Structure formats: structure tokens, C-alpha cells
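We use all heavy atoms of the structure for the numbers below, so side chains are in, but hydrogens, waters and symmetry mates are not. All figures in this text were calculated on a predicted structure; none of them were measured in a lab.
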Amino acid sequence: MAFFDLPLDQLRTYQPPRHEPADFDAFWKDTLHESAQFPLQAAFTPYDCGLATVDAFDVSFRGYRDQVVRGWLMLPKHRSGKLACVVEYVGYGGGRGFPLDWLTWSSAGFAHLVMDTRGQGSYWLHGDTPDHDDTPTPPQIPGFMTRGIVNPTGYYYRRVFVDAVRAVEAACTHPDVDAERIAVTGGSQGGGIALAVSGLSAIPKIVMPDVPFLCHFRRATQITNDHPYQEIVDYCKIHRDHVEQVFTTLSYFDAVNFAARARSRSLFSVGLMDTVCPPSTVFAAFNHFAGDKDIRIWEYNRHEGGGSHQVMEKIRFMQSLAAQP
């Protein structure tokens with residue numbers, strides 16, 4: 001695999017025009033207000049998975065339009081006082097799995113809430129949250145990228161992003177979590193969701209998107225043949241008359257537009273040989289990000305990005321938040 005995107009010196013300054021609908025803010029204000037009418041009903045049920053150093057809780061809360069969303073909360077067993085909390089979103093096709101799959105952050109001394117992704121969890125890590133829509137669903141390419149894509153109000157990620165904001169609010173209700181020290185993170189799809197939350201909620205103080213997906217959709221579909229962006233390409237091949245509507249819908253969900261509204265501190269990562277989430281799409285979000293920002297560049301890596309090296313970078317980055325009084 002050779003470098004296939006822009007040279008690094010151009011990536012560092014790549015700031016393409018944002019394609020944003022005039023009612024972007026109103027759309028999301030109304031969307032969040034609608035679900036805020038329902039009580040959060042966050043519940044944390046102790047879950048015994050045989051761990052000696054971590055307390056695990058089976059989480060449920062009300063997300064999009066009062067629909068139940070699942071998750072896990074992990075806390076270090078030996079803790080005192082309220083903890084800084086990392087809320088994490090899962091990569092494409094994965095679900096919440098088991099607490100055993102998510103031990104890094106609690107082992108580092110943080111509270112850690114993992115949100116299940118509605119409808120997903122059958123590709124590489126199981127999930128437990130069904131997807132419900134209350135609008136007619138037209139034909140789609142198998143996967144999630146084109147589910148409801150002809151109308152922003154019925155698009156799949158509208159529901160996911162509401163769930164994600166509510167997951168942050170759910171984390172804040174736990175007595176061992178410091179609501180003033182919340183971070184959001186995720187890799188690939190999870191990174192794109194984290195960026196959306198950073199633009200929709202004032203709660204997170206830190207966002208750490210790794211090789212984020214859901215950024216700069218149109219360019220992504222034009223320069224990579226890899227999935228999941230290929231789902232959009234395949235849809236547009238057949239629904240030739242829907243192409244402009246497709247990208248109008250996607251403009252309401254482009255993480256580049258959320259990044260431009262974010263005010264938290266950020267630590268991004270990118271792999272310069274990543275054909276799943278091309279580097280220019282990541283840098284488009286990074287360069288538009290409105291808050292304090294930094295990025296770790298993994299020159300010879302693909303979609304795995306920095307792997308454990310990046311995890312260690314993130315732990316050090318989080319320690320600055322945990323150190324706040």
C-alpha cells in the first residue's frame with residue numbers, strides 16, 4: 001500500500017468548504033429538544049463478570065424518542081471521590097460486547113461508559129440495542145450508511161447521534177462520575193460519533209476521535225473503494241436520480257460541520273495509508289475543529305491507526321482532565 005491521498009504538507013492545511021444546510025442548527029436543536037421531553041431513566045445494574053479490579057454495571061437509558069439504549073459502565077474497584085469519565089462509541093458494525101472487552105480506561109483509573117450502537121453488533125462484537133424508526137424506510141444498500149438516506153429526519157445517524165448525546169447525560173447521573181470532567185472518544189465510526197457529540201453538547205471537555213469516520217462524505221466516496229463509504233457509492237450507482245438528495249441528507253451528519261461547532265479540547269489520530277477513512281477526510285474535520293486541538297499522525301499505518309501507541313497517548317491526554325480539581 002502506497003500513500004494515495006494528499007501529501008502531508010497539503011493535509012496539514014486542507015480545509016475544504018463546508019457544505020452545510022441553512023437549517024443545520026435548527027434541525028439539531030429541534031431533534032434534541034424532542035428527545036429531551038422524555039425522562040432519561042438511566043439505570044446501572046451491577047454485573048458480575050468475574051473481575052477482581054473493576055466494578056461493571058449493565059447500563060440502560062432512554063435515547064432517541066424514548067427508546068431504550070444499552071451500554072456498560074466500568075469503574076475501578078478501589079476508588080475514592082468522583083472520577084473523570086470517558087464515554088466511548090463503537091466502530092462500525094460492532095456492539096457493546098462484554099465488560100471484558102473494555103478494560104483500558106477503568107484500569108487507568110477513569111470511569112468508562114461504552115454505548116451500544118442501535119441496530120449494530122453483528123459484525124465483530126455483539127450488540128443488544130435494536131434500531132426503531134417511526135418513518136417509512138425506503139430501499140437501502142445492506143449496512144447502515146443508506147438507511148433512510150433520502151430524508152434527514154429518517155436517516156439512521158439522526159437516531160444514533162441523539163443516543164450518543166443522551167449517553168453523556170446518562171454518565172453524568174452516576175454518583176461516582178464527575179459531570180464536570182467528561183470526555184468522549186471512539187475509533188472510526190465511534191470517532192465520528194464523538195465529533196458529533198462535541199458539536200451538539202457542551203458537557204464534554206475533551207474529545208478524542210481516532211481515525212474518524214463520517215467526515216467529508218463526498219470526497220470519501222470519490223477517492224476510496226473501501227467500505228463502509230462504498231455503501232453510499234453503491235446506492236448512488238442504482239439511485240442515480242437521488243445523488244444530490246443523498247449528499248444533502250449527509251450534510252446534516254457530516255462530522256466536519258460538528259467539528260466547526262466544538263469547543264472542547266481534542267486529540268485526533270490519522271493513518272496516512274488509511275483507505276477506509278482517507279487522511280484528507282480526517283484532516284478536513286481536524287482543520288475545521290473550533291477548539292484547542294492536536295493530532296497524532298501515523299505515517300505508515302492504515303485504519304488501525306496508532307493502535308496501542310495511540311491508546312497511551314490518549315491516557316496521557318486524559319490525565320490532564322483527571323488532574324483538574
Exceeds 12 heavy-atom contacts within 6.0 angstrom, atom NE2 of His309
no
Hey, is CG on Asp48 packed in by over 12 heavy atoms from elsewhere, all under 6.0 Å?
no
Check whether Phe258 and Val197 end up in the same hydrophobic cluster, where Ile, Leu, Val, Met, Phe, Trp and Tyr are linked by side-chain heavy atoms less than 4.5 Å apart.
yes
Would Val233 end up clustered with Tyr157 when hydrophobic side chains under 4.5 Å apart are linked, directly or stepwise?
no
Gap between atom [atom2] of [Y] and atom [atom1] of [X] - 0.5 Å precision:
X      : Y      : atom1 : atom2 : result
Cys172 : Glu180 : SG    : CD    : 8.0 Å
Leu75  : Phe57  : CG    : CZ    : 5.0 Å
Asp66  : Arg166 : CG    : CZ    : 8.0 Å
Thr117 : Asp128 : OG1   : CG    : 11.5 Å

Taking only distance into account, with no hydrogens and no angle test, what donor-acceptor pairs under 3.5 Å do side-chain atoms of residues 241-248 form with protein atoms, sequence neighbours excluded?
from, atom 1, to, atom 2, distance (Å)
His242, ND1, Tyr235, OH, 3.3
Glu244, OE1, Arg218, NH1, 3.3
Glu244, OE2, Arg218, NH2, 2.9
Gln245, NE2, Val150, O, 3.3
Gln245, NE2, Thr249, OG1, 3.2
Thr248, OG1, Glu244, O, 2.9

I need the full list of salt bridge (Lys or Arg N to Asp or Glu O under 4.0 Å) pairs touching residues 278-293, with sequence neighbours left out, sorted by first then second residue.
none
CA sep, side-chain torsions, deciding dist, call: Arg302, Asp226, side chain to side chain contact (heavy atoms under 4.5 Å, CB included)
CA-CA 12 Å; Arg302 299 190 186 187; Asp226 281 1; over 6 Å; no
Ring centroid separation for Phe3 and Tyr300, is it under 6.0 angstrom?
yes
Any luck finding a side-chain donor-acceptor pair between [X] and [Y] under 3.5 Å?
X      : Y      : value
Thr45  : Asp58  : no
Gln120 : Gln189 : yes
His227 : Glu231 : no
Ser280 : Arg219 : yes
His288 : Tyr14  : no

Between Ala260 and Ala290 the two heavy atoms that sit nearest each other are O-CB, 3.4 Å
Testing the basics here: between Pro279 and Gly271, what is the closest heavy-atom pair and its distance to 0.1 Å?
CG-O, 3.5 Å
Any donor and acceptor pair, going by atom type alone, linking the side chain of [X] with main-chain N or O of [Y] inside 3.5 Å?
X      : Y      : value
Tyr156 : Arg118 : yes
Arg240 : Cys236 : no
Thr281 : Ala220 : no
Thr129 : Val69  : no
Asp274 : Cys277 : yes
Ser198 : Leu195 : yes
Ser269 : Val211 : yes
Gln15  : Thr13  : no
Arg181 : Ala179 : no
Trp124 : Tyr92  : yes

If you draw the axis of the six-membered ring of Phe24, does the NZ or CZ of Arg18 fall within 45° of it and under 6.0 Å from the ring centre?
no
Taking the six-membered ring for Trp, are Phe144 and Tyr123 parallel (under 30°), tilted (30 to 60°) or perpendicular (over 60°)?
tilted
If the plane angle is over 60° it's perpendicular, under 30° parallel, otherwise tilted; pick one for Phe253 and Phe161.
tilted
Do [X] and [Y] have side chains that approach each other closer than 4.5 Å (heavy atoms only, starting at C-beta)?
X      : Y      : result
Asp163 : Met115 : yes
Trp105 : Met74  : no
Gln230 : Asn225 : yes
Val90  : Val114 : yes
Met208 : Gln310 : no
Val165 : Ile203 : no
Tyr155 : Tyr252 : no
Thr173 : Leu40  : yes

Salt bridge present between [X] and [Y] (N-O < 4.0 angstrom):
X      : Y      : answer
Glu34  : Arg158 : yes
Lys237 : Asp234 : yes
Lys29  : Asp23  : no
Arg96  : Asp101 : no
Arg296 : Asp210 : no

His33 vs Gln37, test: side-chain hydrogen bond (donor to acceptor under 3.5 Å, both in side chains). Steps then yes/no.
CA-CA 7 Å; His33 177 75; Gln37 304 310 301; 3.2 Å; yes
Who pairs with [X] by ring pair (Phe, Tyr, Trp, His ring centres under 6.0 Å), at least two apart in sequence or on another chain?
X      : value
His303 : none
Phe61  : none
His126 : Phe98

Kindly determine whether Asp133 and Arg147 satisfy salt bridge (Lys or Arg N to Asp or Glu O under 4.0 Å), including the steps that lead there.
CA-CA 10 Å; Asp133 189 13; Arg147 184 174 292 183; over 6 Å; no
I'd like a table of donor-acceptor pairs (distance under 3.5 Å, sequence neighbours excluded) in which one partner is a side-chain atom from residues 77-88, with atom names and distances.
from, atom 1, to, atom 2, distance (Å)
Lys77, NZ, Asp55, OD1, 2.6
Arg79, NE, Asp176, OD2, 3.0
Arg79, NH1, Asp55, OD2, 2.8
Arg79, NH1, Pro76, O, 2.9
Arg79, NH2, Asp176, OD2, 3.2
Lys82, NZ, Pro175, O, 2.8
Glu88, OE1, His112, NE2, 2.8

